Amino acid sequence: MSAPKRFQPPTGTRDFFPADMAVRRHVEQIWRQVALRHGFDEIDGPTFEHLELYTVKSGDEIVSELFSFRRAGGEKDYALRPEFTPTLARMVAAHGSDYPKPIRWYSIAPMFRAERPQRGRLREHIQWNCDVLGDPSPRAEVDVLAAAAHTLALLGLDPAEVRIRISHRDLVTLLLTRLGGVAEAALTPALAWLDRRLKVEPAAFRARAGELGIATEALACLDELAGAPRPARALLGPAIDALGTRFGAIADGHPALRHLREIATRLEAAGVLDWCDLDLGVVRGLAYYTGTVFEIHEASGAERAIAGGGRYDRLVELFGGPPTPAFGFAMGDVVIRLVLEDRGRLGPRESYLPRPDAFVIDLAAGAPRQDAVLMQLRRAGLHARASGRSSTNLGKLLGDAAKARARTAVIIGSEFERGEVAVKDLDRGAQQVIPLAALDGALRSILHGGAAPH
RNA sequence: GCGACGAUAGCUCAGUCGGUUAGAGCGCCUGAUUGUGGUUCAGGAGGUCGCGGGUUCGAUUCCCGUUCGUCGCCCCA
């Protein structure tokens with residue numbers, strides 16, 4: 001026999017052993033719970049798509065960032081999905097008309113990218129997408145943003161720790177053209193450079209901005225509006241309060257500003273406005289965004305963006321569907337988990353594993369009666385486990401029960417001949433002898449917090 | 001695709017200025033007169049020092065390569 005070959009997981013991927021999986025489920029369950037409560041239906045699509053789905057808008061450069069492949073002997077190019085939105089837009093373009101508008105869908109699924117892993121970025125991660133399609137009004141934004149804020153709260157974070165930074169591409173464009181003097185042709189590179197504003201040296205930023213034709217007036221305004229994001233509450237007041245004296249007068253009455261103010265009004269009513277900042281520095285790199293864009297960041301700027309999203313009113317049309325305004329966002333599991341760890345919001349990993357309702361111990365090791373009791377409990381809907389060892393040492397078996405974090409131990413001993421078992425509440429230590437026929441009820445009474453009768 | 005740094009027990013790490021049997025804590029297994037746990041005590045198992053090559057009398061230690069990881073660049077979904 002040849003020497004065994006040891007395999008490691010591929011670069012940038014993760015193995016989820018039980019405790020890690022339990023933490024993952026903790027986050028996913030909150031995502032799912034929020035989506036459900038907010039009226040989103042779950043969908044999914046293929047894990048890989050035709051490569052063209054991603055290149056049609058972004059050009060061929062993006063291929064190097066995708067895992068793309070071709071079936072042996074085949075001629076079609078495929079790619080593991082790097083994001084969900086193209087799949088969603090494709091699905092809506094094909095069958096969106098079958099559903100009443102607005103469509104509110106979510107998905108929780110793995111996404112892939114071929115880049116070198118670094119903090120907060122792996123080659124495979126689990127991503128939650130939440131989208132509203134067919135509603136051009138600010139209600140779409142509010143539906144999504146409220147779900148995002150609700151999620152942050154349920155994860156144990158508060159508005160002092162994480163901020164939802166909201167922006168609008170039309171406002172940024174207006175600023176660049178009217179105040180910055182940027183020509184139409186230079187708009188796209190100017191927006192792209194803006195996206196990098198906080199990642200490069202201020203001097204380097206100004207130098208390149210000058211080349212792009214962005215006037216110093218606009219840069220000063222950006223420093224004011226994007227350097228220190230102001231609470232989105234400012235949108236409830238005059239335009240000058242929200243956008244400053246220079247830009248406020250120009251933007252006053254602009255549809256984009258009106259849109260943002262309507263969003264703010266509704267966010268206030270929903271009780272989530274205080275999670276939000278207005279930050280025109282948020283542009284987002286993706287080409288398909290058309291209006292409102294936002295990112296969620298840890299307040300101190302630590303870690304990468306926790307989530308990001310925006311309006312993509314043209315994308316469904318681009319994939320051959322009817323004109324369908326859309327707004328959505330995506331949150332990955334990697335960064336949010338880092339933030340929760342940074343903030344000490346995650347307990348010990350093991351604490352997320354499900355606790356067995358009952359741990360069945362048979363003092364005559366290996367007897368079939370143990371299987372009978374286990375199945376009785378399982379048929380009654382309880383989570384029942386037993387030790388894998390063949391010991392009859394009750395102390396050790398109770399140790400196993402404690403290690404499994406079981407809530408009760410069902411001990412099968414000599415009483416079994418009389419049709420009885422001992423039931424021990426492992427959290428409180430109390431123990432009683434119960435007829436087998438009454439076992440389910442006795443366990444449920446313990447599990448539901450009722451103190452065992454003394 | 002590029003750069004820096006790292007890899008010793010299941011986990012977190014110490015150590016070897018190149019030299020006999022490589023250590024600790026935690027975890028795991030066994031036991032402490034055979035029906036009561038998460039404490040204690042005593043034992044025990046477990047490492048080709050990531051992998052491959054080179055230098056050397058001798059390499060876990062030095063050099064090169066490689067894989068994986070961490071952090072950054074590019075890019076950003």
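So that the names make sense, note that chain A is the first sequence line, chain B the second, and so on, each numbered from 1. Fair warning: this is a prediction, and the values are worked out from it, not measured in the lab.
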pair Leu80(A)-Leu66(A): side-chain heavy atoms closer than 4.5 Å:
no

Check: Phe48(A) ring centroid to Phe112(A) ring centroid under 6.0 Å:
no

Do Phe329(A) and Tyr106(A) have their ring centres less than 6.0 Å from each other?
no

Choosing from C28(B), A77(B), G35(B), which nucleotide comes nearest the side chain of Glu83(A)?
A77(B)

The side chain of Pro82(A) lies closest to which of these nucleotides: U36(B), G38(B), A77(B)?
A77(B)

Over how many whole Å does the gap from [X] atom [atom1] to [N] atom [atom2] extend?
{"X": "Arg428(A)", "N": "G37(B)", "atom1": "CZ", "atom2": "C1'", "value": "16 Å"}
{"X": "Arg349(A)", "N": "C26(B)", "atom1": "CZ", "atom2": "P", "value": "21 Å"}
{"X": "Leu426(A)", "N": "G37(B)", "atom1": "CG", "atom2": "P", "value": "11 Å"}
{"X": "Leu397(A)", "N": "G37(B)", "atom1": "CG", "atom2": "P", "value": "12 Å"}
{"X": "Glu124(A)", "N": "A77(B)", "atom1": "CD", "atom2": "C1'", "value": "15 Å"}
{"X": "Ile361(A)", "N": "G37(B)", "atom1": "CD1", "atom2": "C1'", "value": "8 Å"}
{"X": "Leu394(A)", "N": "U36(B)", "atom1": "CG", "atom2": "C1'", "value": "4 Å"}

Pick the [atom1] atom in [N] and in [M], then give their distance to the nearest Å.
{"N": "U70(B)", "M": "G27(B)", "atom1": "P", "answer": "27 Å"}
{"N": "C63(B)", "M": "C17(B)", "atom1": "P", "answer": "15 Å"}
{"N": "G38(B)", "M": "G31(B)", "atom1": "P", "answer": "15 Å"}
{"N": "C74(B)", "M": "U16(B)", "atom1": "P", "answer": "39 Å"}
{"N": "C28(B)", "M": "G65(B)", "atom1": "C1'", "answer": "37 Å"}
{"N": "C41(B)", "M": "C71(B)", "atom1": "C1'", "answer": "45 Å"}
{"N": "U56(B)", "M": "G44(B)", "atom1": "C1'", "answer": "39 Å"}
{"N": "U55(B)", "M": "G18(B)", "atom1": "C1'", "answer": "12 Å"}

With no hydrogens and no angle check, is any side-chain donor or acceptor of [X] less than 3.5 Å from a backbone partner on [Y]?
{"X": "Arg345(A)", "Y": "Arg343(A)", "value": "yes"}
{"X": "Arg355(A)", "Y": "Arg405(A)", "value": "yes"}
{"X": "Arg123(A)", "Y": "Thr13(A)", "value": "no"}

Touch class at under 4.0 angstrom, heavy-atom based, for [X] against every strand present:
{"X": "Gly399(A)", "answer": "sugar-phosphate"}
{"X": "Gly429(A)", "answer": "base"}
{"X": "Glu295(A)", "answer": "nothing"}
{"X": "Gln127(A)", "answer": "sugar-phosphate"}
{"X": "Lys424(A)", "answer": "base"}
{"X": "Thr392(A)", "answer": "sugar-phosphate"}

Is the shortest side-chain N to carboxylate O distance from [X] to [Y] below 4.0 Å?
{"X": "Asp333(A)", "Y": "Arg14(A)", "result": "yes"}
{"X": "Asp20(A)", "Y": "Arg349(A)", "result": "yes"}
{"X": "Asp44(A)", "Y": "Arg81(A)", "result": "yes"}
{"X": "Asp362(A)", "Y": "Arg369(A)", "result": "yes"}

Each nucleotide of nucleotides 66-76 of chain B classed B (base within 4.0 Å of a protein heavy atom), S (only sugar-phosphate) or -, in 5' to 3' order, makes -SSSBSSBBBB

Does the protein touch nucleotides 5-12 of chain B at the base, only the backbone, or not at all? Give it as B, S and - per nucleotide, heavy atoms under 4.0 Å.
--------

On RNA chain B, does the nearest nucleotide to Asn393(A) precede the nearest nucleotide to Gly413(A) from the 5' side, or the other way round? Give the residue.
Asn393(A)

Most 5' of Ser414(A) and Lys396(A) on RNA chain B, judged by nearest nucleotide:
Lys396(A)

Side chains of Gln118(A) and Arg304(A): do they bring a donor and an acceptor to under 3.5 Å?
yes

What does the 5'-to-3' dot-bracket notation of RNA chain B look like when only Watson-Crick and G-U wobble pairs under 3.5 Å count, and pairs to other strands show as |?
(((((((..((((.....[...)))).(((((.......))))).....(((((..]....))))))))))))....

Output for pair (Ile306(A) CD1, Thr151(A) OG1), nearest 0.5 Å, gives 11.5 Å

Gap separating the CG atom of Leu222(A) from the CZ atom of Phe205(A), nearest 0.5 angstrom
6.0 Å

